[in-house]
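Order of appearance sets the numbers: ligands from 1, and atoms from 1 within every ligand. The residues of the chain are indexed from 1 along the displayed sequence.
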Amino acid sequence: MTSLNEARRDLAARLETAGIADAAIEAKYLLAAATGLEGASLIAEGHREFTTDEADRLEAMAARRLAREPLAHILGNQPFWTLDLEVSPDVLIPRTDTETLVETALDLMPSASGIQRVLDVGTGSGAVLLAILKERPNAYGIGTDVSPAALTIAERNAVRNGLDGRSSFRQTSWVDGLRGGDFDLAVSNPPYIATAVIAGLEPEVRDHDPALALDGGEDGLDAYRVLLPELFRILKPGAPMAVEIGFDQAASVSALAGEAGFTGMAIRRDLGGNDRVVSALKPK
Ligand code: GLN
């Protein structure tokens, strides 16, 4: 017979051989999904027999993962900040690096007694907007996306995390149709990878994240050229914005922000030490 522990070890070894970095952790998540057991029961029941049904379920998931489909697509969800988010191939899988964008935004918009209005452009799964709303009980947010399929996921994530009363989602290109001078904070994690770089990315990203969420054009900066002047337009005077950037884009995105009229540009690094966010203020 095969025990749960053995099944888990076998899977971890196969994932590792396939070049998957966090093989042991991923094996645990997949085994949990195949058995319906949470972490602690998975350990407590480690010596019991692995049933045929469980083995079939695990094998189906393992085959997908070995073909380099992202774990989040197989499980259907991804943790981000303190949220649990539904994900699908219609949205960029939220990255830990993007929590740096949330931290920056929260620093720039401390809690206030009055209503605070937040805009997230290209919201995808809703990750950034919903994390900010979770931390700022007086904030109301709008998330825009050009993809209706992404917005369906974002709306479900708002409900799933109890934030649907303070968020709304709008299908539009960038901020088209939104009133000028209306927001206390604007954020975005736009597509910023140079087109030629995409072919060399890991298969999980290249083949499974939406190209719309990755491709920043020839130099990776196309989105910022459109986005920054638009963020400037919709912010209230004196209000901040923060955008995620690629590790080598701090200088160019800061310069584009300056051209759009922003002042007080600042750069923030992610936990890996890479430049990850540019923030700035619309002058009063
Ligand atoms: N950080 C993502 C990646 O490297 C890219 C996301 C984006 O372009 N906004 O996979």
Side-chain angles (χ1 to χ4, degrees), residues 19-22 26 65 68-74 78-81 83 85 87-105 119-132 143-147 149-151 153-154 157 173-175 186-228 230-231 241-254 256-257 267-279:
I20 291 165
D22 296 321
E26 294 208 10
R65 189 63 191 101
R68 304 299 293 266
E69 196 174 332
L71 183 69
H73 286 178
I74 299 168
Q78 170 76 13
F80 179 79
W81 197 254
L83 310 171
L85 299 172
V87 296
S88 81
D90 291 315
V91 299
L92 185 83
I93 297 170
R95 317 282 208 256
T96 306
D97 285 345
T98 301
E99 294 180 350
T100 305
L101 177 60
V102 174
E103 284 167 3
T104 308
L119 177 67
D120 178 18
V121 182
T123 197
S125 66
V128 174
L129 181 69
L130 296 173
I132 294 169
T144 68
D145 209 288
V146 76
S147 157
L151 291 172
I153 304 274
N157 280 328
S173 175
W174 308 111
V175 305
V187 291
S188 183
N189 174 16
Y192 55 67
I193 301 182
T195 308
V197 170
I198 291 181
L201 297 176
E202 294 293 322
E204 286 87 347
V205 177
R206 182 190 65 214
D207 301 335
H208 297 280
D209 275 316
L212 197 60
L214 299 176
D215 192 342
E218 196 177 340
D219 66 354
L221 299 169
D222 280 1
Y224 302 105
R225 294 192 179 91
V226 184
L227 178 65
L228 293 169
E230 285 292 277
L231 294 186
M241 68 84 176
V243 292
E244 184 168 317
I245 58 164
F247 70 96
D248 55 354
Q249 294 174 330
S252 20
V253 173
S254 299
L256 288 169
I267 294 149
R268 186 138 162 171
R269 292 193 177 157
D270 62 26
L271 292 176
N274 290 313
D275 290 344
R276 189 55 62 202
V277 174
V278 167
S279 64

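Remark: the Glu244 side chain and the Thr98 side chain contain an N/O donor-acceptor pair separated by less than 3.5 Å.
One finds no salt bridge joining Arg95 and Asp270 here, because no Lys/Arg side-chain nitrogen approaches an Asp/Glu carboxylate oxygen to under 4.0 Å.
Nearest protein neighbour of atom 4 (O) of ligand 1, counting heavy atoms only, is Ile193 CD1, 3.9 Å. Of all protein heavy atoms, the one closest to atom 10 (O) of ligand 1 is Arg95 NH2, 2.7 Å. Looking only at protein heavy atoms, the nearest one to atom 8 (O) of ligand 1 is Tyr192 N, 3.1 Å.
At least one heavy atom of Ala213 sits closer than 4.0 Å to an atom of ligand 1. Ligand 1 is never approached by Asp97 to a heavy-atom distance shorter than 4.0 Å.
Between Val146 and Ser173 the shortest heavy-atom distance is CG2-CA, 4.3 Å.
For the pair Pro190 and ligand 1, the shortest N or O to N or O distance falls below 3.5 Å.
Relative orientation of the His208 and His73 rings is perpendicular, given thresholds of 30° and 60° on the angle between their planes.
The side chain to side chain contact (heavy atoms under 4.5 Å, CB included) test applied to Arg206 returns Ile198, Leu201, Pro203, not counting sequence neighbours.
Considering only heavy atoms from C-beta on, Ile245 stays 4.5 Å or farther from Val277 through its side chain.
Annotation for ligand 1: atoms under 4.0 Å from non-hydrogen atoms of Pro191 are 8 (O).
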